[in-house]
Amino acid sequence: RGPRPLVRAGPEWAGPSLPPPPPQAAATTMRPTNQVGEGRGEGGQAWREDAALAHPSPPRSPRPPQSVVILVGLPGSGTSGAAAVFKGAGWSVVGDADGANARANFGQALSHGQSVVVDRVNSLPDQRAVWIRIAAKRGVPVHAIELRTPLHECERAALESRRPGVSPSTTLREVRQRAGDLKECTHGEGLDTILRPSTPAKAVADARELILAGRRAAAAPATPEPL
């Protein structure tokens, strides 16, 4: 017999079984992604730009103006607590631990644009003048926090925090000698601001206020110059 004739039945051909047509490829859709390595084409770039507009980065806070604070107070008066507040705000701290390098470290911090707090006894005008002169050459304002913690409280705190091997009598003698040498701060020394807290807690509050004042000054709109 010859081949079976094909018979047309309706819109399809009826006849011997034919292999099914190949499946059509599924349509692909571009989707934005935030995974590393994806979205590198134009669609990914557009998505990243749209995301940046929808979720903009917060504006950077303006940098507070540079300042110097000199802490003045007897051992045990609470200068270290005030210095810790400034350090927590990003200030550079120059103290007794700097030893002979204190002046160089102070100048270096200022040259790098940092604000500096000097945590030493600074009981005499000549001692304070060292920092004031260096800051004045750079046009940096200098403030003083002169702690007036009562002598008996300084003695108690100094005894509690005395170094190992130092006798109580030696500690008390040092505090009383420093108390006799302490000279009051004056604006004639070149100080822009003088604060005189009577307790360590008030010294901490004054330190925070100076930091906030600097931040407010940085955030304030610039005053236009007169025509």
Side-chain angles (χ1 to χ4, degrees), residues 67-107 109-110 114-135 140-214:
S67 297
V68 167
V69 170
I70 300 175
L71 298 176
V72 181
L74 301 175
S77 63
T79 59
S80 296
V85 175
F86 288 105
K87 184 177 181 179
W91 288 43
S92 178
V93 179
V94 173
D96 291 332
D98 292 270
N101 296 322
R103 188 180 302 187
N105 293 346
F106 179 81
L110 289 182
Q114 295 178 303
S115 292
V116 187
V117 57
V118 183
D119 180 19
R120 308 183 88 174
V121 175
N122 294 309
S123 57
L124 299 174
D126 290 346
Q127 297 170 347
R128 301 189 286 265
V130 172
W131 321 114
I132 296 171
R133 282 196 298 266
I134 298 175
V140 178
V142 183
H143 314 283
I145 298 181
E146 182 182 327
L147 284 87
R148 295 196 167 184
T149 308
L151 178 59
H152 69 277
E153 292 186 15
C154 294
E155 292 175 341
R156 177 181 55 78
L159 288 172
E160 292 175 352
S161 61
R162 72 181 187 276
R163 298 183 302 274
V166 179
S167 66
S169 59
T170 300
T171 300
L172 293 176
R173 189 183 311 115
E174 179 183 0
V175 174
R176 291 165 185 171
Q177 181 178 354
R178 296 289 183 91
D181 295 338
L182 186 62
K183 301 298 181 183
E184 187 177 82
C185 296
T186 66
H187 289 287
E189 298 177 45
L191 296 167
D192 293 84
T193 305
I194 302 174
L195 303 174
R196 295 188 171 95
S198 58
T199 65
K202 290 181 179 179
V204 167
D206 285 343
R208 289 174 177 159
E209 180 55 35
L210 281 175
I211 294 169
L212 291 175

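The two residues Leu151 and Ala179 make their nearest non-hydrogen contact at CD1-CB, 4.1 Å. Pro141 approaches Asp192 most closely through the heavy-atom pair CA-OD1, 3.5 Å. Here the shortest heavy-atom pairing between Ala102 and Arg120 reads CB-NH1, 3.5 Å. Minimum interatomic distance between Cys154 and Val175 (heavy atoms only, all atoms of both residues): CB-CG1, 4.3 Å. Here the closest heavy-atom approach between residue Ser198 and residue Pro150 is recorded as O-CD, 3.8 Å. Pairing each heavy atom of Arg162 with each of Leu159, the nearest pair is NH1-O, 3.0 Å.
The shortest distance between side-chain heavy atoms of Arg208 and Ile211 does not fall below 4.5 Å.
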Atom pairs and distances, donor-acceptor, side-chain atoms in residues 77-94, under 3.5 Å, two or more places apart:
from  : atom 1 : to     : atom 2 : distance (Å)
Ser77 : OG     : Leu74  : N      : 3.4
Ser77 : OG     : Leu74  : O      : 2.7
Thr79 : OG1    : Asp119 : OD1    : 3.0

Legend entry - Audit row: Arg156, Glu160, side chain to side chain contact (heavy atoms under 4.5 Å, CB included) steps and yes/no: CA-CA 6 Å; Arg156 177 181 55 78; Glu160 292 175 352; 3.5 Å; yes
Legend entry - Verdict with reasoning, Val68 to Ile134, per side chain to side chain contact (heavy atoms under 4.5 Å, CB included): CA-CA 10 Å; Val68 167; Ile134 298 175; over 6 Å; no
Inset, instruction - With side chain to side chain contact (heavy atoms under 4.5 Å, CB included) as the test, would you mind laying out the steps for Phe106 and Asp98 before giving the verdict? - result: CA-CA 10 Å; Phe106 179 81; Asp98 292 270; over 6 Å; no
Legend entry - side chain to side chain contact (heavy atoms under 4.5 Å, CB included) evaluation trace for Ile70 with Ile132: CA-CA 9 Å; Ile70 300 175; Ile132 296 171; 3.9 Å; yes
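Partners of Glu184 according to the side chain to side chain contact (heavy atoms under 4.5 Å, CB included) rule, which considers only residues two or more places apart in sequence or in another chain, are Glu146, Arg148, Arg196. Residues passing the side chain to side chain contact (heavy atoms under 4.5 Å, CB included) test with Lys183 are Leu124, Pro125, Arg128, sequence neighbours excluded.
The main-chain N or O of Thr186 is found under 3.5 Å from a side-chain atom of Glu189 such that the two form a donor-acceptor pair.
For the salt bridge (charged side-chain N to carboxylate O under 4.0 Å, His left out) criterion with Glu155, the lone passing option out of Arg173, Arg178, Arg176 is Arg176.
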